Amino acid sequence: MIPLHLVLATPAKVLCSAVFLSGRSLEDARRHSLLHALFVHHLHDVLLDLVEVAVDDDERAVTVSVPLDRATVEKIVTGYRAYYGDLDANWQAETERLVTLGSVSRTAQFLGDQGSVIVPSDDRSLGFTPVSVRTTLPDPGTQDWPMGDAAGAEISPVDREAVAAAIDDGFRGDLTATAAVVVLHRGEIVGERYRDGIDAYTQLESWSMGKSLTGTLIGVLIQQGHLSLDQPAPIREWQGAGDPRADIRIRDLMQMSGGLLYSGQDDPRRRWPLGVPEHLYIYSDAVNAFERAISAPAEHTPGTVGRYRNCDPLTLGAIVRRTVTEKLGENYHQWPQAALFDRIGIRRQVLETDWYGNFLLTGFDYGTARNWSRLGQLYLQDGIWEGERVLPKGWSEFVSTPAPGWDEPRYGGQFWLNGTREFDLPEEAYFMAGYGEQRVFVVPSAELVVVRMGHRSDTDAPREATNAMLRQLMEAVRAA
């Protein structure tokens with residue numbers, strides 16, 4: 001069976017960040033984020049009403065617990081079987097162990113500008129020293145959009161009432177759980193809305209949109225001349241004689257085609273170490289995510305098989321960390337603020353880490369909807385911001401071109417593509433994507449960027465509402 005101490009780690013982290021990072025109430029976090037976090041392991045229906053949450057304001061920590069008696073454990077076993085099928089051979093022994101334990105709990109702690117981390121079950125000390133991250137930009141109210149938040153000149157001819165009506169569809173129905181929408185046309189905010197308790201400055205869980213952010217940091221380093229797209233990945237551990245991983249290029253990792261052996265949810269359970277796929281294990285325990293990724297052996301020839309696996313963006317993250325610390329001699333945790341965020345008007349974007357200080361941007365990252373819209377606009381402008389090149393020329397074309405290792409034109413370079421017309425947008429559209437229908441859509445021909453953020457993945461309602469909104473937005477732009 002799936003170990004409960006792993007299942008509970010993700011909700012502990014998510015709730016800790018919701019309370020101490022986003023500044024949301026525990027009631028709001030439980031309502032909008034707990035089910036979402038439990039859905040990662042598909043046990044939300046069983047555990048949602050059983051979870052107990054304790055907030056320690058002094059330690060800035062959250063502990064999530066589930067009291068266990070025989071009836072509760074049997075209910076969890078039934079729920080696990082309902083989703084995952086047959087149980088492992090040791091399920092009866094695991095059932096008795098859980099009954100004897102009486103409860104299982106996990107804790108996460110807030111570290112400030114490095115966000116929240118999952119606390120290990122043993123007494124290991126924190127594997128890095130947290131630092132403060134500060135912007136050099138002035139108060140956003142003193143600068144016009146997009147460098148600040150003051151309203152600038154009207155550029156877009158689009159009908160604002162039509163945009164507002166479209167956004168209404170994006171929020172319609174409780175099951176959509178939409179938290180924020182920002183619409184840019186020709187770089188101007190033409191529509192924006194937040195649910196109750198959220199505003200333009202609320203840091204929201206962004207999940208796997210952080211993969212696109214990792215790719216952006218790689219792009220910054222390439223633009224600065226420290227890396228190149230087609231060089232072999234500079235991972236020392238892969239350079240031994242006869243190691244097939246030495247042939248993996250940065251390009252292959254960007255295109256999710258590195259070929260590493262790293263199990264995902266679609267793999268048989270027999271390939272899941274510790275009872276969970278490796279793709280999810282990094283969100284379930286206090287592990288060194290970069291070390292696990294780069295230690296994975298080769299399975300496929302690089303560039304030939306496209307699969308959505310966290311090992312590739314985590315390896316890119318390791319390359320960023322090593323390049324920044326070893327080649328540039330700069331502080332890894334502070335570098336993205338100066339190298340990227342300050343340059344495009346983002347004053348705070350919280351890049352959460354694992355217990356060892358590695359940015360866990362495959363899923364644990366927080367940003368405002370306006371932050372994400374700025375990043376989308378950077379790509380719409382092919383990496384140029386106010387006359388300065390931030391990303392390499394042609395970088396937007398690279399990330400939005402179908403990766404050759406994928407069977408369908410669904411993936412580019414740490415960005416998803418609309419090549420299968422999954423969304424009611426032109427086929428050329430590409431997007432950052434995260435769990436819970438977090439999206440940053442970039443539509444070059446329409447000069448459009450749309451950010452949608454929310455809190456649920458257990459229903460089709462968010463996707464349906466998002467598509468309804470996108471259809472109307474495209475109509476409004478075409479009519480302008």
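The structure presented is a predicted model; accordingly, all values stated were derived computationally and were not measured. We number each residue from 1, following the sequence as shown.
- Aromatic ring centres of F441 and F431 lie closer together than 6.0 Å.
- For the 3.5 Å distance criterion, the side chains of R195 and T178 fail to qualify, holding no donor opposite an acceptor.
- Checking Y332 against N358 by side-chain atom types alone, no donor-acceptor pair falls below 3.5 Å.
- Ion pairing between a basic and an acidic side chain is recognised when a charged N comes within 4.0 Å of a carboxylate O; R160 and E188 show such pairing.
- Defined by atom type and a distance below 3.5 Å, a donor-acceptor pair is missing between the side-chain atoms of E330 and Q334.
- You'll find the side chain of Q377 stays beyond 4.5 Å of the side chain of V442, heavy atoms only.
- Donor-acceptor pairing under 3.5 Å is recorded for the side chains of Y201 and D149.
- The existence of a salt bridge linking R251 and D312 is excluded, since no basic side-chain nitrogen approaches an acidic carboxylate oxygen closer than 4.0 Å.
- A donor-acceptor contact closer than 3.5 angstrom is absent between the side chains of Q438 and S208.
- Cation-pi geometry between R292 and Y281 is not satisfied (NZ or CZ under 6.0 Å from the ring centre, within 45° of the ring normal).
- Residues Y283 and T362 bring a donor and an acceptor atom of their side chains to less than 3.5 Å of each other.
- Contact detail for R348 and Q203: the closest heavy-atom pair is O-NE2, 3.0 Å.
- With 3.5 Å as the limit, one finds a donor-acceptor pair spanning the side chains of T135 and D342.
- Y379 has its ring centre less than 6.0 Å from the ring centre of F415.
- Within 6.0 Å of CG on D230 lie more than 12 heavy atoms contributed by other residues, nucleotides or ligands.
- A donor-acceptor contact closer than 3.5 angstrom is absent between the side chains of Y435 and R456.
- T202 and D199 share a side-chain donor-acceptor pair at under 3.5 Å.
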Please test D252 against R249 for salt bridge (charged side-chain N to carboxylate O under 4.0 Å, His left out), starting from the C-alpha separation and ending with a verdict. CA-CA 5 Å; D252 301 319; R249 303 166 299 172; 2.9 Å; yes
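- Taking the centre of each ring, W416 and Y430 stay at or above the 6.0 Å mark.
- Between R463 and E437 there is a salt bridge, since at least one side-chain N of the basic residue sits less than 4.0 Å from a carboxylate O of the acidic one.
- Side chains of E427 and N418: no donor on one and acceptor on the other come within 3.5 Å.
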Show the numbers, then the answer: is there a side-chain contact (heavy atoms from CB on, under 4.5 Å) between F364 and E205?
CA-CA 7 Å; F364 288 168; E205 54 263 51; over 6 Å; no
